[in-house]
Amino acid sequence: MSVQGGGDVVILAFETSCDETSCAVVVGDGSLRVASNIVASQVELHQRFGGVVPEIASRSHVEAIIPVLDRAFGDAGIEPHQVDAVAVTFGPGLVGSLLVGLSAAKAAASALGVPLIGINHIEAHIYANFLEHPDLAPPLVCLTVSGGHTDLVYFRNHGDYDVIGRTRDDAAGEAFDKVARILGLGYPGGPAIDRLAASGDPAAVTLPRAYLEEGSYDFSFSGIKTAVLNYVNGLRQKGLEIPVRDLAASFQAAVIEVLAEKAIRAATATGVGRLALSGGVAANRGLRRLLEDRCRDEGLELYYPSPSLCTDNAAMVGCAGYYHYIRGSSGEGPVNAVPGVSLSQPGS
Ligand code: KG4
Ligand code: ZN
């Protein structure tokens with residue numbers, strides 16, 4: 001079944017860049033359908049360490065990848081010989097983790113005699129939006145916010161985009177995770193802070209907002225993390241109780257206000273009229289609500305994926321792979337792990 005033959009295009013996708021082992025089958029004939037999207041999370045394995053341990057992550061990917069692949073085919077009701085192309089994340093991510101998905105994807109593509117398409121993980125996050133919103137079309141601005149990256153992307157067309165802003169230090173999700181750790185909320189911290197913030201006072205604690213130079217679309221979140229740490233240490237030294245809910249709400253407000261402000265400014269300045277969110281932090285209810293209000297005021301359309309498609313999954317990799325495939329892009333040749341690749345570098 002191939003696009004040239006006019007039938008459905010079947011993409012088998014792999015995602016193992018961090019601590020989720022995921023395989024998906026997506027099927028397209030103009031619009032896209034997620035036939036299966038299996039995600040085996042390692043979160044419990046890493047929880048007692050307070051963050052992802054790379055060696056444990058790669059070993060766990062090795063154990064999970066074949067069962068996850070089997071389930072992806074089973075749930076999709078697709079036979080391997082129906083696959084037209086294999087898509088796989090090649091970076092950014094943890095090298096040992098990336099290599100597991102890449103090895104499985106190379107083996108699958110070689111055994112099936114189909115092209116292997118290397119996908120940049122940040123590009124995949126953006127494409128989660130196209131999975132759920134068939135009406136969404138470029139140009140758009142996308143704010144990708146997750147544990148490892150914070151990028152503001154001007155997406156002119158499929159395969160034609162620029163990163164116009166990125167974090168200069170911590171990623172937004174990293175800041176959520178570090179602050180959650182300071183507050184003793186466990187890993188991953190984003191969902192815990194999101195939950196607590198709902199019943200806290202966002203104006204209770206004054207925290208810095210790093211807007212950087214005028215006109216800049218870059219971000220910085222290390223200062224706010226330090227401000228929370230200093231505030232908590234100050235209270236502890238005086239033997240006072242930590243107002244966890246208010247601090248969670250104040251921290252979240254400081255982060256999402258800067259994210260929203262810059263994303264809105266980018267969508268307005270580029271004249272695209274639509275803003276999309278992606279990455280794990282895009283699941284944050286405060287960020288969604290704030291951007292819904294701001295976009296309504298500014299006359300911008302706002303798109304974001306369901307929470308399960310915001311965090312790492314292979315369906316988004318399959319979606320990006322599908323758009324590469326129908327453009328005739330059969331990948332980057334010999335696809336290798338590039339742990340520190342950014343979106344605008346060649347090979348993305
Ligand atoms: O996209 P993702 O699954 O993995 C990376 O590519 O990094 O994002 C994981 C990040 C973690 O930092 C997690 O704390 C954050 O997304 N996250 C959230 C929420 N859900 C996940 N942050 C804020 N609010 C949430 N509801
Ligand atoms: Zn991710």
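Order of listing sets the numbers, starting from 1, for every ligand and every atom in it. For the single chain, residues carry numbers from 1 onward in sequence order.
Taking both residues in full, the closest heavy atoms of Val34 and Asn37 are given as CG1-CB, 3.8 Å, listed atom of the first, atom of the second, then distance.
No more than 12 heavy atoms of other residues, nucleotides or ligands lie within 6.0 Å of CZ in Arg71, so this atom counts as exposed by the packing criterion. For Arg59, the CZ atom is loosely surrounded, since the number of other residues' heavy atoms within 6.0 Å does not exceed 12. Applying the 6.0 Å contact sphere to CZ of Arg181 captures no more than 12 heavy atoms from other residues, nucleotides or ligands.
With hydrogens left out, the protein atom closest to atom 5 (C) of ligand 1 is Ser146 OG, 3.2 Å, a heavy atom. Taking atom 22 (N) of ligand 1 as the reference point, the nearest protein heavy-atom neighbour is Gly190 CA, 3.3 Å. Taking atom 2 (P) of ligand 1 as the reference point, the nearest protein heavy-atom neighbour is Asp312 OD1, 3.4 Å. Annotation: atom 26 (N) of ligand 1 to nearest protein heavy atom, Asp194 OD2, 2.9 Å. At the top of the distance list for atom 24 (N) of ligand 1, counting protein heavy atoms only, stands Asn284 ND2, 3.0 Å. Nearest non-hydrogen protein atom to atom 17 (N) of ligand 1 is Gly280 O, 3.5 Å. Among all protein heavy atoms, the one lying closest to atom 10 (C) of ligand 1 is Gly147 N, 3.4 Å.
Salt bridge absent: Asp8 and Arg33 never bring a charged side-chain N and a carboxylate O closer than 4.0 Å. Under a 4.0 Å N-O distance rule, the pair Arg296/Glu292 does not qualify as a salt bridge. Using a 4.0 Å cut-off between charged side-chain N and carboxylate O, Arg168 and Glu213 make a salt bridge. In this structure, Lys225 does not pair ionically with Glu174, as no charged nitrogen and carboxylate oxygen lie closer than 4.0 Å.
A donor-acceptor contact closer than 3.5 angstrom links the side chains of Lys106 and Asn336.
Residue contacts with ligand 1: Ala283 is included, with a non-hydrogen atom under 4.0 Å away. For His125, the heavy-atom gap to ligand 1 drops under 4.0 angstrom.
Close contacts of ligand 1 with Gly173, meaning ligand atoms under 4.0 Å from a residue heavy atom, involve 12 (O). Residue-ligand proximity, His149 to ligand 1, at heavy-atom distances under 4.0 Å covers atoms 6 (O).
Looking at His121 against ligand 1, only its side chain comes within 4.0 Å, counting heavy atoms. With a 4.0 Å heavy-atom cut-off, ligand 1 is reached by the side chain of Asp177 but not by its N, CA, C or O. Here Val281 has heavy atoms under 4.0 Å from ligand 1 in both its backbone and its side chain. Of the heavy atoms in Glu20, none comes closer than 4.0 Å to ligand 1.
Remark: the backbone N or O of Arg285 is paired with a side-chain donor or acceptor of Asp194 at under 3.5 angstrom. Looking at Ser250, its side chain does come within 3.5 Å of a backbone N or O of Asp201 through a donor-acceptor pair. In terms of modelled atom types and a separation under 3.5 Å, the side chain of Ser60 and the main chain of Ala57 share no donor-acceptor contact.
Using a 4.5 Å cut-off on side-chain heavy atoms (C-beta onward), Tyr187 and Val52 make contact. In this structure, the side chains of Pro202 and Gln252 stay at 4.5 Å or more apart for every pair of heavy atoms.
The N/O atoms of Gly148, backbone and side chain alike, include one that comes under 3.5 Å of an N/O atom in ligand 1. Considering both main-chain and side-chain atoms, Thr311 never comes within under 3.5 Å of ligand 1 through any nitrogen or oxygen pair.
Counting only distances under 2.8 Å, and ignoring water, the protein N, O or S atoms around the Zn ion (ligand 2) are His121 NE2, His125 NE2, Asp312 OD1.
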